[in-house]
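Data block below; observations after.
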Amino acid sequence: MMSHWIIAPVVLPAIMGALIVLLMRHDLLLQRIFSLAATLALIAIATALLIAASNEGPEMYRLGNWPAPFGIVLMLDRLSAMMVMLTAVLAVAVQLYAIGTGWDARGRHFHALFQFQLMGICGAFLTGDAFNLFVFFEVLLIASYGLMIHGGGKNRLRAGVQYIAFNLVGSSLFLFALATVYSVTGTLNIADLAVKVPLLPEGDAGLFRVAAVMLMLVFAIKGALVPLQFWLPGTYANAPGVVAALFAVMTKIGAYAMIRFGVMVLPPDSPAMGSLIADLLLPSAIATLIIGAIGVLGASTLSRLAAFAAIASMGTLFLAISAFTPAATAAGLYYMVHSTFAGAALFLITDLVISRRAHDRLDHALPPIAQSGLISALFMLSAIATAGMPPLSGFIGKLLVMDALRAQAALIWPVILGTSLLMILGMARAGSTLFWKAHASAPTEAPTHRPEGLAFVAVFGLLGALIVWTVMAGPITTWLEATAVALHDPSAYIAANALPPLPQEVK
Amino acid sequence: MNGMDAYIEYAISALLVIGGLFGLVGSFGLLKLRDTMQRLHAPTKATTVGVGSALIASMAYFMLIEGKTSWHELLITLFLFLTAPITANFIAKAHMHLAIREEDMPATGVGTDWATYDPEMEVVDPALLEPVQRN
Amino acid sequence: MLKRLFPHPLLSVVLFVTWMLLVNQFKIGSLVMALILSIIIPWMTAAYWPNRPKLKQLPAFAAYCLLVMWDIIVANIQVAKIILFMPANKIQSAWIPVPIELKTPEAITMLAGTITMTPGTVTADMSSCGRVLLIHSLHAPDPDAIRDDIKSRYEARLKRIFE
Amino acid sequence: MSLALIAALPFLGALLPGLMIRAGKNACALVTGSVTALALLLLGLNAPAVLRGEVIHTRIDWIPSLGLNVNFFLDGLGLLFAGMILGIGLLIILYARFYLSKSDPMGQFYTYLLLFQGAMVGIVLSDNILLLLVFWELTSLSSFLLIGYWKHLPEGRQGARMALTVTGAGGLAMIAGMLILGNIVGSYDLSVILENKEAIQSSDWYLPALILILLGCFTKSAQFPFHFWLPHAMAAPTPVSAYLHSATMVKAGLFLMARMWPVLAGTPEWFYIVATTGLVTMVMAAKIALFKDDLKALLAFSTVSHLGLITMLLGFGTAEAATVAVFHIINHATFKAALFMSAGIVDHETHTRDIKRLGGLRTLMPITFAIATLAALSMAGIPPLNGFLSKEMMLEEAAHVVWGGNRWIMPVLATIGALFSVAYSFRFIAHTFLGPVRDDYPHHPHDPGIGMWAAPAFLVALVILIGLVPMTAAAWLVQVAANAVTGQEVEVYIKHWHGLESPALWMSLLAIGGGFVLLATHARWLAMWNAMPRPEAKPMFDAVISSLSHLATRITDRLHDGAISRYFAIGTVTIAAAAFYAFWTGTHTTGSRPLLPIEAVPFLGWLAMVLATIAIVIFHRNRLLTLVLIGIIGLTISVGFAYFSAPDLALTQISVEVATVILMLLALNFLPKQTPQESSPMRRFSDMAVAGISGFGIAVLAYALMTRDFAFPTIADYHIANSKPEGGGTNIVNVILVDFRGYDTFGEITVLGIAAILIYALTEALLRAGPANDRLLAWAPDQRRAGDRHPMMLVVATRLILPIALMVGVFIFLRGHNMPGGGFIAGLVVSIALVMQYMASGFAWTAARQKVDYHALIAAGVLIAAATGVGAWFNGMPFMTSDFGYVHPPLVEEFELATAAIFDLGVFLTVLGAVMLSLASLSRIALRAGETVNVEPFDIDPSEGRRIANEEAR
Amino acid sequence: MELLVASALGLLTSAGIYLMLRQRTFPVIVGLTLLSYAVNVFIFAAGRLVTNMPPIIDKYAAGYTDPLPQALVLTAIVISFGMTAVIVIMALGAFLEAGHDKIDMTDKDESANPAEGTK
Amino acid sequence: MILDYALTFAFLCFGFGLAMNVYRVFRAPGVPDRILALDTMVVNVIALIVLYGIKTKSGINFEAALLFAMTGFVSTVAYCKFILRGDIIE
Ligand code: NA
Ligand code: NA
């Protein structure tokens with residue numbers, strides 16, 4: 001039974017974005033109402049999709065009614081449904097915050113860009129076609145450029161130029177990779193690739209491996225994997241806090257794609273690929289974790305700290321992916337959701353701090369900020385979550401990852417634990433500088449920019465999501481394990497694509 | 001092939017050869033001539049006519065030999081003839097602006113400057129100075 | 001009625017012909033489409049063409065076009081000769097200001113275009129009063145002759161056609 | 001269930017103080033106390049069963065797949081610890097109510113305290129080591145808050161961070177250790193692990209696990225060399241110190257060693273690591289305590305020393321020693337908590353804790369004196385107090401331990417430790433309370449109200465009670481706890497007199513006597529101590545941490561310094577290296593596809609392109625020239641497309657290229673016209689190498705691909721076969737774009753639309769007040785400008801060319817489905833035609849004569865495209881399912897009315913709107929920079945024979 | 001011909017990367033543009049080179065070149081056009097805000113590296 | 001037959017013309033000369049496309065030729081206007 005709802009997460013924000021541009025661009029209130037309503041509707045749709053994916057298994061949606069692999073299909077499975085849900089929940093929090101703080105009024109077209117951003121992200125998660133993934137990467141990227149420079153300003157624009165430039169290289173690489181994939185296999189459908197890759201003739205393996213590695217490197221750029229992480233700190237630290245919070249899901253898109261392709265299409269047991277990806281991914285992931293943790297300790301501003309925390313979290317996530325086992329993948333998925341919410345919360349809290357302080361430098365003694373009690377408590381919670389301390393889901397996530405990677409314990413555990421320590425140190429330093437710093441003078445004068453309640457609702461919401469993710473970890477991990485198993489054995493996914501039989505000579 | 005067709009073929013071939021020659025001359029002029037203004041003459045005329053001949057040859061070929069109607073060539077030719085003077089005008093102006101001093105030019109004879117050298121030609125309509133707000 | 005439908009009949013004709021050339025076929029449908037477009041497009045671009053001149057003598061205009069075409073061919077042979085056979089240091093280029101009496105922009109442009117396409121001359125600029133054209137001649141042993149030739153051969157005709 | 005409730009109560013209760021503080025301090029304290037008392041009551045309800053020897057279990061599944069479950073169990077050890085934690089916690093709550101000053105936020109304090117209490121209770125009740133880890137780290141976090149409670153004190157902050165760092169690090173090590181243990185056993189449930197001594201001790205992973213777990217214990221329990229954090233944690237308010245350092249936090253390490261004793265102890269590794277560490281810690285800390293002038297510091301080091309003592313006992317690995325350890329845990333908790341509280345009272349009353357400024361308080365504060373003295377005597381091990389009992393037993397155990405073949409080391413050092421202990425305990429009494437009354441106390445002291453001394457008095461009562469009747473007062477508890485620790489029935493027989501033959505007696509006497517002597521000669525020793533160079537832990541720790549953090553800053557900022565050209569270089573090298581690696585480690589056969597012959601004219605085209613590309617590298621610093629050269633490259637590529645059977649691509653490439661160049665020209669107007677030479681020849685060379693290698697790789701890859709056949713039949717065969725019958729168009733590429741893969745195109749036009757509104761939003765931001773706006777207002781052209789802004793020839797020509805070009809646009813749009821063309825190209829053609837008009841007469845002049853809402857164009861384009869997609873739903877078909885039919889409307893051009901064509905209209909509108917909106921934005925920037933708007937299409941009026949400018953404009 | 005196409009696109013890639021490694025926004029953008037040209041040619045070439053077989057259904061056609069890469073290139077061209085437009089304008093904006101067009105943010109007053117900043 | 005020779009001859013003429021244009025782009029005293037060379041290149045390319053059309057008996061690329069003429073014109077004017085005014089559309 002084909003459900004039109006599968007396309008809704010793409011079409012709804014697209015239409016809403018266009019309508020905002022067309023009809024509401026001079027009325028912020030209307031924009032806020034409709035944009036928020038659309039995002040809430042997205043949550044409802046995502047919920048329905050998540051339930052459907054859990055109960056009925058992978059479902060295909062033929063765009064233009066063309067059969068796979070000839071047309072583009074959308075694929076709803078547990079993973080894509082989960083990612084859409086994650087995006088929707090994050091989006092609501094971010095949007096509430098943007099409205100609450102008036103960030104959305106500091107430049108033009110915030111809500112339109114925001115909706116297009118959602119369209120791009122959801123499209124990327126739902127597509128079952130490799131080239132279409134590229135297209136939606138571009139949709140989400142260009143919207144992210146707009147959001148990143150929202151409000152303007154020298155540093156933001158210059159960092160924006162760097163961000164775009166780096167991603168343009170990524171997009172070029174993506175196209176090189178896709179062209180090579182097509183040139184070898186003659187197909188672009190993900191399931192079709194999953195069928196054909198194991199059957200590749202030996203003589204084509206070398207070229208295909210090049211394509212596969214280039215593809216993975218594209219995702220590595222998005223996922224800020226060392227040594228391709230350089231774009232992230234400047235981008236996140238210079239983006240508006242509320243946008244940086246939304247970007248928490250952007251790196252996850254890289255991870256998502258790496259899972260989708262690395263695990264489903266290019267598994268280590270296919271003769272052409274072997275352990276190539278794992279061999280390259282593992283050291284990079286370790287380096288990512290270490291560089292991120294060092295950055296958390298060494299960051300000179302709170303926004304950069306949050307940015308490096310994002311890098312570190314990607315390191316942990318990629319570590320989990322690099323194992324290519326269902327348990328590790330499940331652990332990675334758990335950690336991914338956690339780090340999205342935790343990272344977003346940290347960026348929002350950073351923004352709260354900046355709005356009350358002249359700047360967010362950590363090496364300057366400034367008077368403690370006004371109204372610090374609640375914010376410091378929120379910071380503490382998000383720091384705990386980010387550093388992976390108990391009792392929040394970060395700790396559970398790390399335990400899951402470590403447990404799943406016990407085969408390489410001697411290498412990986414020290415890295416995970418050592419970097420945790422660095423991050424704890426960094427977070428403790430930042431928190432005590434920001435909130436405890438002794439000073440003769442009174443707290444800074446009344447803040448010029450006083451966020452409204454909605455902003456706090458957003459932060460509470462994200463931290464609340466973390467708590468739910470912690471408390472419900474049992475059923476969640478069970479669900480995720482089933483998801484991971486389905487990724488490692490994609491027969492149901494492939495079957496849902498209803499591909500035509502392979503020609504005789506290939507079999 | 002009957003006689004008529006042969007003549008047609010000769011005619012088309014002649015057009016092609018003439019076109020090729022003019023094209024070559026135009027590009028050769030670009031190399032041979034000494035200064036920019038001189039070089040400007042070569043392509044504006046020779047090349048344009050050369051390509052024009054080739055286009056007419058093509059049109060004739062398709063209509064008379066292949067039996068397909070093909071008018072696009074005519075359109076292209078007209079377009080090239082229409083635009084060549086403008087192109088030449090602009091390149092000449094650009095060259096004068098960059099490389100020739102006003103003193104080295106002949107006078108207009110009517111007391112005003114040549115337009116390219118006339119710095120006063122800024123046209124301002126105060127009513128229109130309000131930003132054109134049309135998002 | 002017809003005037004309102006075809007505010008700019010000549011342009012409409014040009015467009016009509018253009019469409020027919022584009023579609024490469026002579027069918028009723030194409031004619032209708034050409035008609036529609038040659039109404040709509042002039043209407044849409046009318047604002048960009050204020051003060052449209054009237055062609056007083058259509059046959060004269062056609063004759064002028066034939067004349068120019070002939071001159072183009074001659075001009076090209078001349079230019080080709082100069083390029084191919086004249087030593088570069090023998091070429092006597094010259095700037096020639098040509099005072100003009102034409103007042104219609106379309107006519108002036110037509111004249112300038114004609115000059116560029118014909119014997120060894122290129123229209124390079126115009127005086128800022130619009131009354132003198134600046135001509136560059138590739139090889140002009142006698143600049144005055146060229147000026148007079150332009151005025152008599154082309155400008156006079158154009159003046160008759162446009163003004 | 002009740003066990004879980006006991007652990008949960010403090011956490012749940014932690015919400016209350018913050019709320020109740022509005023009702024006053026008493027209410028706040030009362031609520032906190034009630035929560036604790038309730039938990040204690042629940043514990044008490046379970047006690048009889050435990051004392052009977054039962055073990056009570058509560059199991060709640062949390063994350064079964066990980067083995068992390070909320071499993072609790074209560075045995076003797078748990079009962080002992082939970083009782084201490086809650087019992088002493090109750091006393092601390094009482095004490096703190098009176099200790100904290102008006103300015104201290106009491107609600108916060110109690111919240112932190114309850115969080116900490118909950119974490120501690122959780123540790124001691126956990127039946128799952130992962131759960132235990134959760135609580136373990138929670139104690140680190142909550143103690144961080146407690147120690148740093150006085151935010152205004154730098155010592156508090158630093159002490160808190162140090163404690164967090166050390167105990168947090170240990171905790172992380174312990175995580176690894178616990179995971180190893182769980183992996184050896186196959187379960188993370190403690191009760192299961194405790195039954196697998198054999199498996200654990202015979203595993204290769206035993207030693208790593210042991211070390212990692214002990215790292216956690218030692219850091220938490222401040223064992224040498226991790227002891228240094230504890231004294232600095234004394235910056236906390238005294239109730240915190242009393243709680244953390246007597247009964248709770250530091251005891252957590254001991255608890256865990258005791259808890260794991262059945263499976264970890266008994267091996268030589270255990271003995272040498274644990275007993276030695278304990279011994280060294282005991283002696284060393286006791287020695288330091290002797291010379292501390294700060295009362296709390298003295299107590300802190302005494303705590304470290306006593307923790308060492310207990311650790312040593314556990315390390316001995318015998319059931320007897322473990323039993324003594326349990327007993328001393330109880331005793332230490334009672335007297336040390338009382339001592340801390342007394343010290344707090346002294347501090348509170350005299351406003352100093354400096355032993356040098358004290359003395360003579362005996363008469364001024366008799367109650368405090370009594371309490372403190374009794375507790376200190378117990379600490380010194382003076383009979384008949386409880387400290388004496390356990391110390392005596394400790395010496396007894398130590399006397400029989402052989403260390404590395406040597407019988408003497410252990411007893412001698414244990415005696416020395418005891419001796420120091422006596423000395424500092426007596427010093428505490430003597431230098432604080434005895435001696436003459438002084439007249440220079442910072443604040444005149446007297447005994448506080450009962451609220452403050454009740455708690456220590458109660459503890460001292462216990463000290464005496466246990467001391468006098470140990471078998472009645474404590475043995476039963478020691479019994480069950482020791483049973484739990486050792487995993488066997490132990491016999492507990494506590495007595496005051498061990499007989500003359502007992503070495504402990506003599507060791508004890510030696511210690512007491514020596515202690516007195518030491519105290520008497522204290523001044524001399526102090527001088528020696530001060531003269532001695534000694535490593536100070538805090539500066540060392542600070543140096544390590546700050547150099548670590550500086551190093552981190554250096555690494556971070558050096559690596560991520562914003563130099564994107566280096567990022568690019570690293571990225572490119574990475575990508576190239578990874579691709580080469582992937583290829584070399586794979587298998588490859590050369591392709592067998594026949595090559596196309598090289599023809600002369602295409603070769604010339606290739607040459608043109610190669611030369612232009614080389615030229616662009618050589619001349620790139622001349623920016624205008626660069627753009628001209630891009631024009632050539634775009635042109636050759638476009639021709640190449642035409643040559644290789646891609647007419648649509650040729651059309652698109654050339655129009656996009658022109659549009660791009662025009663945009664870049666528009667931007668270049670405001671940018672520098674030259675690029676300065678900034679990189680060194682070396683740098684340029686290495687860049688060239690990086691670029692060359694990458695380009696070579698791409699070339700080889702492309703060649704390899706072009707010269708082989710597809711491994712599988714390509715999906716394009718389907719497109720070719722179905723384009724006409726199913727897609728309704730003969731231009732397969734166009735049918736793919738608007739139909740087979742119309743969804744891609746939908747995304748693609750959205751990209752364009754977003755790009756345009758982004759540019760618009762950016763322009764708005766630039767034109768707001770700010771540096772960019774200032775720069776534009778002050779902008780002066782950096783090049784000489786020619787006079788004739790709108791040359792007449794172009795204007796007039798455009799009057800004819802624009803309509804023709806628009807017609808070409810319509811033509812290309814309409815035929816796209818069947819022949820090269822389509823919405824996108826048509827949109828660009830129309831855009832380029834309009835650009836021509838703009839160049840002729842200016843954007844503003846043109847726009848003023850044709851009001852078009854560019855935003856609406858874009859949005860309408862996207863909406864039309866979406867609507868054609870959505871329209872299919874009403875046919876019951878999926879998004880974007882197209883429908884077509886050959887309609888022959890009478891008299892109109894015969895074209896196919898496919899929904900795909902409507903979709904293409906959306907494409908057309910979006911492209912047009914996007915280009916227009918971008919140009920409009922740039923035009924606004926130009927106007928801000930001083931460009932003006934003309935009234936007439938060109939600048940010269942030939943009919944009047946004048947410039948239009950001068951009269952009308954000014 | 002394959003060799004010519006491969007070498008040309010390799011050269012384009014090299015030139016693009018070289019310019020991308022320069023220190024000013026303008027050459028970097030030019031470099032990225034060249035790189036995207038190279039990419040487009042690469043995708044196109046991935047469909048194999050064929051002359052005189054345009055993908056237009058025609059009953060006289062001897063065969064058709066692979067149309068799919070062409071469609072992909074079209075999509076890629078359009079997208080990179082949008083991206084280029086954005087980065088061009090953004091570079092202009094950055095120049096107007098900062099007063100220079102350096103692409104590296106290593107100078108003292110940039111918050112990409114605040115440690116070096118306003119001390 | 002003769003047509004083939006004529007065609008080849010024309011191909012070579014315009015091809016060499018193209019090569020000479022490229023040389024002029026490479027070596028020229030100023031940007032206007034290079035613009036002129038580029039403009040001439042466009043015209044030569046149009047000729048080559050037309051010839052290729054005759055050779056392959058296909059009119060498929062004529063729209064491309066038309067578009068080349070249009071875009072070539074627009075870009076030449078744009079380059080020149082940039083030199084003249086800096087701002088090409090205001
Ligand atoms: Na020309
Ligand atoms: Na098309």
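Lettering of chains follows the sequences in order, A, B, ..., and the numbering in each one begins at 1. Small disclaimer: the values here were computed from a predicted structure and weren't measured.
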* Proximity breakdown for A/Phe176 and chain D, heavy-atom pairs closer than 4.5 Å -> side chain
* Asked: Does D/Met877 offer a backbone N or O that forms a donor-acceptor pair with the side chain of A/Asn65 under 3.5 Å?
  -> no
* **Region of D/Leu141 that comes under 4.5 Å of a non-hydrogen atom in chain A** => both
* Structure fact -> Whatever's closer than 4.5 Å to a heavy atom in chain D on A/Met273 counts as neither
* To do: Name the member of A/Ile221, A/Leu157, A/Thr180, A/Leu147 that forms the most heavy-atom pairs with chain D at distances under 4.5 Å.
  => A/Thr180
* Checking heavy atoms, do the side chain of A/Val184, its backbone, both or neither come under 4.5 Å from chain D? -> both
* Structure fact -> Ranking D/Ile754, D/Val70, D/Thr572, D/Leu758 by heavy-atom pairs under 4.5 Å to chain A gives rank one to D/Ile754
* What part of D/Arg161 lies closer than 4.5 angstrom to a heavy atom of chain A: side chain, backbone, both or neither? -> side chain
* **Test of ring centre spacing under 6.0 Å for D/Phe879 and A/His4** => no
* Structure fact -> Whatever's closer than 4.5 Å to a heavy atom in chain D on A/Ile277 counts as neither
* Are any side-chain N or O atoms of D/Arg708 and backbone N or O atoms of D/Thr590, one a donor and one an acceptor, separated by less than 3.5 Å? -> no
* Which of the residues A/Ala299, A/Gly151, A/Gly123, A/Pro201 is involved in the greatest number of heavy-atom pairs with chain D at under 4.5 angstrom? -> A/Gly151
* **chain A contact via D/Leu68 - side chain, backbone, both or neither, heavy atoms under 4.5 Å** => side chain
* Between A/Ile20, A/Leu228, A/Ile424, A/Leu425, which residue shows the highest count of heavy-atom pairs closer than 4.5 Å to chain D? -> A/Leu425
* Asked: Given the side-chain rings of A/Phe131 and D/Tyr743, with only the six-membered ring counted for Trp, is the space between their centroids under 6.0 Å?
  -> no
* Structure fact -> Cut-off 4.5 Å, heavy atoms of chain A, and the answer for D/Phe11 is neither
* Structure fact -> The reported gap from CG in D/Leu130 to CZ in A/Phe395 (rounded to nearest 0.5 angstrom) is 7.0 Å
* **Residue part contacting chain A, namely of D/Asp744, when any heavy atom lies under 4.5 Å** => both
* Structure fact -> Ranked by heavy-atom pairs below 4.5 Å to chain A, first place among D/Val862, D/Leu133, D/Leu863 goes to D/Leu863
* Kindly say whether D/Leu559 contributes a backbone atom to a donor-acceptor pair with the side chain of D/Arg566 at under 3.5 angstrom? => yes
* Asked: Where does D/Ala765 contact chain A at under 4.5 Å (heavy atoms): side chain, backbone, both or neither?
  -> side chain
* Asked: Under 4.0 Å between a Lys/Arg side-chain N and an Asp/Glu carboxylate O for A/Arg25 and D/Asp853?
  -> yes
* Asked: Relative to chain A, which segment of D/Ala176 carries a heavy atom at a distance below 4.5 Å: side chain, backbone, both, or neither?
  -> both
* Atom group of D/Leu548 that falls short of 4.5 Å from chain A, counting heavy atoms -> both
* To do: Please look at D/Ile858 and chain A and tell me whether the side chain, the backbone, both or neither of the residue comes under 4.5 angstrom of a heavy atom of that chain.
  => neither
* Could you tell me which of D/Ser549, D/Gly571, D/Ala579 has the largest number of non-hydrogen atom pairs under 4.5 Å with chain A? => D/Ser549
* Asked: Non-hydrogen atoms of chain D under 4.5 Å away: do they reach the side chain of A/Ala331, the backbone, both or neither?
  -> neither
* Asked: Heavy-atom distance under 4.5 Å to chain D: side chain of A/Leu63, backbone, both or neither?
  -> both
* To do: Identify which part of D/Ala119 has an atom lying under 4.5 Å from any heavy atom of chain A, answering side chain, backbone, both or neither.
  => neither
* Structure fact -> Applying a strict 4.5 Å limit to non-hydrogen atoms, the region of D/Phe135 in contact with chain A is neither
* To do: Examine distances only and state if a side-chain atom of A/Arg209 and a backbone atom of D/Ala582 form a donor-acceptor pair shorter than 3.5 Å.
  => yes
* **Greatest number of heavy atom pairs closer than 4.5 Å to chain D - which of A/Ala473, A/Gly152, A/Gly71** => A/Ala473
* To do: Would you mind checking which part of A/Phe134 comes under 4.5 Å of any heavy atom in chain D, side chain (CB onward), backbone (N, CA, C, O), both or neither?
  => neither
* To do: Pick one of side chain, backbone, both or neither for A/Phe208, based on which atoms fall under 4.5 Å of a heavy atom in chain D.
  => neither
* Can you tell me if A/His109 and D/Glu764 form a side-chain donor-acceptor pair at under 3.5 Å? -> no
* Asked: So which of A/Lys196, A/Glu202, A/Glu138, A/Met389 has the biggest tally of heavy-atom pairs under 4.5 Å with chain D?
  -> A/Lys196
* **Residue A/Phe166 versus chain D: region with a heavy atom under 4.5 Å** => both
* Check: D/Thr556 side chain, A/Gly298 main-chain N or O, donor-acceptor pair, under 3.5 Å -> no
* Would you say the side-chain atoms of D/Arg157 pair up with the backbone N or O of A/Ser432, donor to acceptor, closer than 3.5 Å? -> no
* Does CZ belonging to D/Arg554 count more than 12 external heavy atoms closer than 6.0 Å? -> no
* To do: Could you have a look at D/Val870, D/Thr585, D/Leu701 and say which one has the most heavy-atom pairs with chain A under 4.5 angstrom?
  => D/Thr585
* Distance-only, no hydrogens or angles: does the D/Arg558 side chain make a donor-acceptor pair with backbone N or O of D/Ile555 under 3.5 Å? -> no
* Asked: Hey, is the main chain of A/Gly474 close enough, under 3.5 Å, to the side chain of A/Thr478 for a donor-acceptor pair?
  -> yes
* Asked: Taking A/Arg62 for the side chain and D/Pro878 for the main chain, is one N or O donor matched with an acceptor at less than 3.5 Å?
  -> no
* **Top contributor to chain A interface from D/Gly697, D/Gly861, D/Ala552 [non-hydrogen pairs under 4.5 Å]** => D/Ala552
* To do: Quick one: which of A/Leu280, A/Leu141, A/Leu422, A/Leu399 has the most heavy-atom pairs under 4.5 Å with chain D, could you say?
  => A/Leu399
* A/Met216 versus chain D, heavy atoms under 4.5 Å apart: side chain, backbone, both or neither? -> neither
* Asked: Where on A/Ile142 is there a heavy atom nearer than 4.5 Å to chain D: the side chain, the backbone, both, or neither?
  -> both
* Asked: Which bit of A/Val10 comes within less than 4.5 Å of chain D, counting heavy atoms only: side chain, backbone, both or neither?
  -> side chain
* **Segment of A/Val169 engaging chain D (4.5 angstrom heavy-atom cut-off)** => side chain
* Asked: Looking at the rings of D/Phe568 and A/Phe230, which for Trp means the six-membered one, are their centres under 6.0 Å apart?
  -> no
* Asked: How about A/Trp66 and D/Asn722: does a side-chain donor come under 3.5 Å of a side-chain acceptor?
  -> no
* Polar side-chain atom of D/Asp739 near backbone of D/Gly742 as donor-acceptor pair, under 3.5 Å -> no
* **Residue A/Leu200 versus chain D: region with a heavy atom under 4.5 Å** => both
* Walk me through it: do D/Asp557 and A/Arg304 pass the test salt bridge (Lys or Arg N to Asp or Glu O under 4.0 Å)? => CA-CA 10 Å; D/Asp557 289 344; A/Arg304 259 168 89 86; 3.0 Å; yes
* Asked: Checking side-chain contact (heavy atoms from CB on, under 4.5 Å) for the pair A/Gln162/A/Trp231: CA distance, chi angles, key distance, verdict?
  -> CA-CA 7 Å; A/Gln162 293 198 345; A/Trp231 63 272; over 6 Å; no
